[in-house]
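Data block below; observations after.
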Amino acid sequence: MIKAIYGTRDILPTNIHQWLNLESIIRKTMKAYNYSEIRTPVFEETALFSRSIGENTDIVSKEMYTFTDRGETSITLRPELTASVVRAFIEHSFDKIYNLSKLYYIGPAFRQERPQAGRLRQFHQFGAEAIGCEDPSLDAEMIIMAFRIISALGLKSLTVKINSLGLPAERDYYREKLREYLKPFLEKLSAESIKRFDSNVLRIFDSKDERDIKIMSSAPQLIDFLSESSLQHFETVKNALIAAEIPYEIDPALVRGLDYYTHTTFEIVSNSVGSQSALCGGGRYNGLVAELGGTDAPGVGFAAGMERILLACENENVFSVSPDALDVYVCRINNDFKNDAFQICLKLRDAGFAAEIDYLQRSVKAQMREANRLNSRFVAFIGGTEFLEGKIRIKDMPSGTEVEVKSSDMESLIRIIRKD
RNA sequence: GUGAGUGUAGCUCAGUUGGUUAGAGCGUCUGGUUGUGGCCCAGAAGGCCGUGGGUUCAAGUCCCAUCUCUCACCCCA
């Protein structure tokens with residue numbers, strides 16, 4: 001048996017309404033905040049990702065699905081969508097056409113990691129990018145919008161974490177200072193953290209090792225190395241969150257892994273999805289557009305994992321109601337008027353109703369069971385003595401009451417069904 | 001990439017110290033009404049017990065390998 005690739009999932013008809021519901025909340029909210037949808041290809045030139053996300057990040061160094069096409073171009077299935085959106089922004093000269101581009105996306109992304117709860121190899125993200133403006137209100141807008149979307153599903157137990165990484169120069173200087181501080185303790189750190197000392201010192205703050213935590217507790221803090229204007233930016237973001245009544249906490253250990261972040265970073269975490277608790281992550285990326293060859297346009301954005309969000313919904317037992325009920329089921333009393341029944345069913349569909357009919361020549365009882373299973377509001381009986389007399393019997397399923405209409409009179413048939 | 005665990009009907013799971021024809025609930029189908037659903041009742045279909053090898057008179061049960069999926073680490077959405 002051929003099965004779906006490890007780490008990929010089929011989204012089956014029984015679950016699809018959860019996805020449609022989430023998507024409709026996303027689209028509705030994005031519209032309210034005036035973000036426009038953009039759809040970009042699922043694969044891109046590999047260089048796009050290595051340059052934006054960072055050559056030595058885990059994503060680029062070991063998690064990308066990369067292959068060579070018939071020519072000799074190295075191609076990669078997108079591991080995230082920000083890089084693609086920025087690429088499209090530059091390619092279509094959005095900076096010259098719009099003062100500010102507010103864009104959102106929904107779509108699959110691919111990362112070759114070991115799957116676990118809340119982590120797949122093909123997963124779906126939605127997110128937004130605001131490119132062309134440095135105003136901290138936009139940082140706050142992102143956080144507020146993401147929080148509103150996730151809350152709208154009914155999820156509780158959400159935490160908003162924020163931090164500021166300042167400017168690259170400030171961070172570089174801080175990194176040096178942190179290494180200086182850590183050098184004397186180097187041998188006492190956990191093996192993981194010793195590796196991180198070279199690859200990504202800031203990550204040592206995340207360590208779960210008790211010795212590391214102790215050593216890091218008196219380490220210098222990035223916030224003390226930020227310039228006046230960086231601090232001011234951060235303050236403005238925090239004030240906007242307070243005004244919008246978004247409960248947040250400052251997490252100095254919140255160091256986003258992707259290289260392109262500056263100033264604000266944030267995450268929305270849930271404690272009901274297992275160990276992969278980040279539902280949403282984002283921040284400001286002022287150098288990214290220039291890095292990818294565009295004008296020096298500042299940007300801010302976020303990405304959220306749809307599977308994780310839906311997993312949280314499942315674990316918190318918040319489900320959207322399935323909207324797919326049938327309006328009318330056409331039931332054949334006998335097979336004498338098989339074609340008439342089919343034609344009536346087609347007419348009902350043309351009139352805009354969700355209508356179904358039996359194709360398996362099954363008994364009336366079986367057809368009724370099917371109508372019930374499909375949660376049909378009405379059943380139209382075709383055949384038997386009524387049909388010989390030119391009548392169709394209509395049953396209202398919830399009440400069980402039946403009425404008859406002339407089979408030549410489609411209009412009153414439609415009126416009965418539509419009345420509801 | 002590292003570690004731990006899992007694998008019996010479509011689904012969720014039982015299966016006694018290895019011992020005859022492998023079970024239940026749900027779901028599916030048929031019937032209980034010469035033409036009417038939900039509830040109820042009766043019956044039926046559906047399993048090379050993940051795969052390969054080994055131990056044994058005898059393996060779903062024990063051993064080895066392999067694959068699968070799950071969870072965690074790492075990292076991230």
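A, B, ... follow the sequence lines: proteins, then strands. Residue 1 opens every chain. Please read these numbers as outputs of a predicted model, since none were measured by experiment.
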According to the 5.5 Å centroid and 30° plane-angle thresholds, does A:Phe123 stack upon the nucleobase of B:A77? yes
In terms of relative ring orientation, are A:Phe205 and A:Tyr174 parallel, tilted or perpendicular, with 30° and 60° separating the classes? parallel
Quiz item: A:Glu386 side-chain donor-acceptor pair to B:G35 base, under 3.5 Å: yes
Across every strand shown, the nucleotide meeting Watson-Crick or G-U wobble geometry with B:A59 (both distances under 3.5 Å) is none
Would you say B:C39 has OP1 or OP2 under 4.0 Å from some side-chain N or O of A:Arg369? no
Picking from B:C75, B:G38, B:U28, which would you name as closest to the side chain of A:Asp58? B:C75
B:C75 pairs with, by Watson-Crick or G-U criteria that keep both distances under 3.5 Å: none
Heavy atoms, side chains only, cut-off 4.5 Å: are A:Thr262 and A:Arg171 in contact? yes
Quick one: does A:Arg114 reach the base of B:C73 with a side-chain donor-acceptor pair under 3.5 Å? no
Any strand is fair game: report the nucleotide pairing with B:G43 by Watson-Crick or G-U wobble, both distances under 3.5 Å, or none. B:C29
Does NZ or CZ of A:Lys338 lie under 6.0 Å from the centre of the six-membered ring of A:Phe342, at an angle within 45° of the ring axis? no
Over 60° means perpendicular and under 30° means parallel, so tell me whether A:His263 and A:His233 are parallel, tilted or perpendicular. parallel
Does B:C69 have a Watson-Crick or wobble mate here (both distances under 3.5 Å), and if so which one? B:G5
Under the 6.0 Å and 45° cation-pi test, does A:Arg179 pair with A:Phe197? yes
Choosing from B:G32, B:U70, B:G38, which nucleotide comes nearest the side chain of A:Asn372? B:G38
Only pairs with both distances under 3.5 Å count, Watson-Crick or wobble alike; so what is the partner of B:A22 in this structure? none
Does A:Ser363 make a side-chain donor-acceptor contact with the base of B:G35, cut-off 3.5 Å? no
Closest to the A:Ala117 side chain: B:A72, B:C75, B:U70? B:A72
Hey, which sits more toward the 5' end of RNA chain B by its nearest nucleotide, A:Ala304 or A:Gly7? A:Gly7
A:Gln276 side-chain proximity, nearest of B:C75, B:G37, B:A77: B:C75
Under-4.0 Å side-chain N/O to phosphate OP1/OP2 contact, A:Arg119 with B:A72: no
Separation of atom CD in A:Gln116 from atom P in B:C73, rounded to whole Å: 6 Å
For A:Gln367, answer base if it contacts any base atom (sugar-phosphate contacts may also be present), sugar-phosphate if it contacts only those atoms, and nothing otherwise; contact means non-hydrogen atoms under 4.0 Å. nothing
Counting side-chain heavy atoms from C-beta on, which of B:C74, B:U30, B:G37 comes nearest to A:Arg362? B:U30
Do any side-chain nitrogens or oxygens of A:Arg373 fall under 4.0 Å of OP1 or OP2 in B:C29? yes
